[in-house]
Amino acid sequence: MSAFPAGQPTAPYLDAVISYGFRGPARFHVPGHKVSGADPGLIHAFGADALALDIPQDIEGIDIGPRPTPYERAEALAAAAYGADRCWFLTNGASQGNHALALALAPLGARAVVQRNSHASLVDGLVLSGGLPVFVAPEYDAELGMAHGITPTALAAALDAATQATAAFMVSPTYYGMAADIAGCVEVAHAHGVPLIVDAAWGAHFGFHAGLPASPLALGADAMLASTHKIVGSLTQSAMLLVSGSGRVDVGAVARAVRLVRSTSPSALLLASLDGARRQLAVHGEMLIDATIAAAARVRGLIEAIPGCRVVGAEQVGRPGVAGWDPLRLVIDVRGTGHTGYEIAEALRSGYDIHLELSTHQAMVLVLGLAQPLEPLMRFAHDLAEAVRLLAPADPAARVSVPPPPSGAAPAVVAPREAFLGASEAVPVDAAVGRISTESIAGYPPGIPTLLPGERITAEVVGYLRALTAAGARLHGAADPSFATVRVLAGSLSA
Ligand SMILES: Cc1ncc(COP(=O)(O)O)c(C=O)c1O
């Protein structure tokens, strides 16, 4: 936040919920637990206070009554904190935001340019909306096995090909904390007459500290998603959808779509956590992020002193698809140890009860939060050194690196909606060549979907996914994780 945070030290929705929860109103509405009727174990676990704040929608003085209601003021404060015109609080994660944005911006039959390794929820959104994706491939670092962002050049090529596209959807930062050149992509998208939507699920803290990349909206994006529960402290499953004042996104269409994919009973606890997390971030975020950056910097040296370990980050900036980097992600390249990230992560889990965000063949990823305490990081560095030392020597010849097939290896034949909703059958993978997939399958690494609903399965794709499975990678989204069978459109003809 650059401007003086007017109003940001208040949390109107949180305060209104607290007032109602504890002033002793007679509550003859849902929920049915009435606090005292809840299971004693539940009361012990959550505390009676949390149950007292578990209130429904449509309570006078909270989300109905004189306007702006505390709920409306809370969303407006969040919009102001992010430099947005409108904010919607979400109680089904950034996933819900992707569903709503696809419904609003890529309606039935419309073409939208979509980063190939977008989160599965965006493809799910296209299943709901009937929009048609035109994919743009992310940059890929084969050595590190990491997909980065898209480049303005790649976006321009995709938009040139996708005539009459209605929007462009990209992701920044990535799971590895690498931020894309959003300003460059904004310029390209706007020159093509489409809004640029940035899935910043992992970047809700961007723009709140000088050592972090700027927020996508500050760089000109027309809408963004912030999965605020990931890093900035709201409760799991809460998130925000933010639309800028550029006028390129139809706010009415977004409002309708959000309504379509939201419960009529959103959790007051989740919503209140969004209001509180926004206040904390806007008012104290800079200092809290400072503490985390300092802790991460201290532990970095300890990790790099471990033979074979290297922290990946700032040195990536400037490589294709990487315009910035998030110091709140500790990405450790473990190739030099002779072990995979999977092996080391498993040793840390079973030997030290340490649980990481992600591990791949080449790397391990730790997610830090606001005011990350130093002590657990110091302990981690110590335990990592010990785990690497104690692991049995590995046979480097056993290392398998599986290069991904070229982008577009599985040609799109029918719309994701048609494939997903059509009658499907599971067939042995060898018999699936030439059939149309109804599944999304992405191997980690590289986390780029190899198959999406509506794409024709080729021998190359089957060979690649088999090799990935054999190398120990996980297949995200596969109905059969062993990849013995795959679901295809029933009756779809072979090529
Ligand atoms: C890029 C991206 N977008 C959206 C999501 C979905 O977020 P949520 O878990 O808040 O629904 C994720 C989840 O990891 C993600 O990585």
Side-chain angles (χ1 to χ4, degrees), residues 88 90 92-138 147-150 154-155 158-159 162 165-175 180 182 185 189 194-204 216 221-227 230 237 239-243 249-250 253-254 257-258 260-262 321 407-408 410 412 414-421 437-442 444 446-455 476-477:
W88 286 266
L90 307 173
N92 195 24
S95 301
Q96 184 190 355
N98 268 328
H99 299 160
L101 286 166
L103 283 161
L105 298 170
L108 194 60
R111 299 214 278 179
V113 168
V114 173
Q115 182 167 333
R116 178 73 189 184
N117 57 333
S118 292
H119 190 253
S121 55
L122 183 56
V123 174
D124 295 344
L126 294 171
V127 165
L128 296 173
S129 76
L132 307 173
V134 175
F135 289 110
V136 51
H148 295 319
I150 58 170
L155 179 62
L159 282 165
T166 51
F169 292 87
M170 65 182 287
V171 179
S172 180
T174 64
Y175 215 173
I182 291 174
C185 290
V194 301
L196 184 80
I197 314 306
V198 179
D199 182 343
W202 286 100
D222 300 289
M224 66 173 263
L225 288 172
S227 197
K230 290 194 193 303
Q237 211 171 320
M240 295 182 196
L241 190 170
L242 299 133
V243 173
V249 169
D250 178 348
V254 176
V258 168
L260 187 98
V261 291
R262 95 179 325 174
S407 174
V414 303
R417 177 182 178 84
E418 216 180 303
F420 186 91
L421 297 180
S437 171
T438 61
E439 295 191 36
S440 301
I441 305 184
Y444 254 107
I448 306 170
T450 308
L451 265 183
L452 288 172
E455 294 181 340
H476 278 237

Can you check whether [Y]'s main-chain N or O pairs, donor with acceptor, with [X]'s side chain at less than 3.5 Å?
X      : Y      : result
Ser227 : Ala239 : no
Thr166 : Arg111 : yes
Arg417 : Gly130 : no

Heavy-atom distance under 4.5 Å between the side chains of [X] and [Y], does that happen here?
X      : Y      : result
Ser172 : Pro216 : no
Leu126 : Val114 : yes
Ile197 : Leu225 : no
Pro453 : Ser437 : no
Asp222 : Val243 : no
Pro449 : Asn117 : yes
Ile182 : Met170 : yes
Val171 : Val198 : no

Which pair of non-hydrogen atoms, one from [X] and one from [Y], has the smallest distance, and what is that distance?
X      : Y      : result
Ala165 : Val194 : O-CG1, 3.2 Å
Val127 : Pro416 : CG2-O, 3.8 Å
Ala110 : Ala106 : CB-C, 4.2 Å
Gly454 : Ala419 : N-CB, 3.1 Å
Leu132 : Gly109 : CD1-O, 3.6 Å
Leu452 : Phe135 : CD1-CZ, 3.1 Å

Go through the steps for Asp124 and His99 under the test side chain to side chain contact (heavy atoms under 4.5 Å, CB included), then give the verdict.
-> CA-CA 7 Å; Asp124 295 344; His99 299 160; 3.8 Å; yes
[atom2] on [Y] to [atom1] on [X], rounded to 0.5 Å:
X      : Y      : atom1 : atom2 : result
Ile150 : Cys185 : CD1   : SG    : 4.5 Å
Gln115 : Ile448 : CD    : CD1   : 9.0 Å
Trp202 : His119 : CH2   : NE2   : 9.0 Å

Would you check, one step at a time, whether the test side chain to side chain contact (heavy atoms under 4.5 Å, CB included) holds for Asn92 with Gln237?
-> CA-CA 5 Å; Asn92 195 24; Gln237 211 171 320; 3.6 Å; yes
Under 3.5 Å side-chain donor-acceptor pair for Asp199 and Asn98 | yes
Intermediate values then yes/no, side chain to side chain contact (heavy atoms under 4.5 Å, CB included), Leu155 and Leu196 = CA-CA 10 Å; Leu155 179 62; Leu196 184 80; 4.0 Å; yes
Evaluate the criterion side chain to side chain contact (heavy atoms under 4.5 Å, CB included) for residue pair Leu241 and Val258; output intermediate values, then yes/no.
-> CA-CA 9 Å; Leu241 190 170; Val258 168; 4.1 Å; yes
Of Val261, Leu108, Val254, which is the lone residue that meets side-chain contact (heavy atoms from CB on, under 4.5 Å) with Leu103?
-> Val261
Kindly check if the number of other-residue, nucleotide or ligand heavy atoms within 6.0 Å of CZ (Phe420) is above 12?
-> no
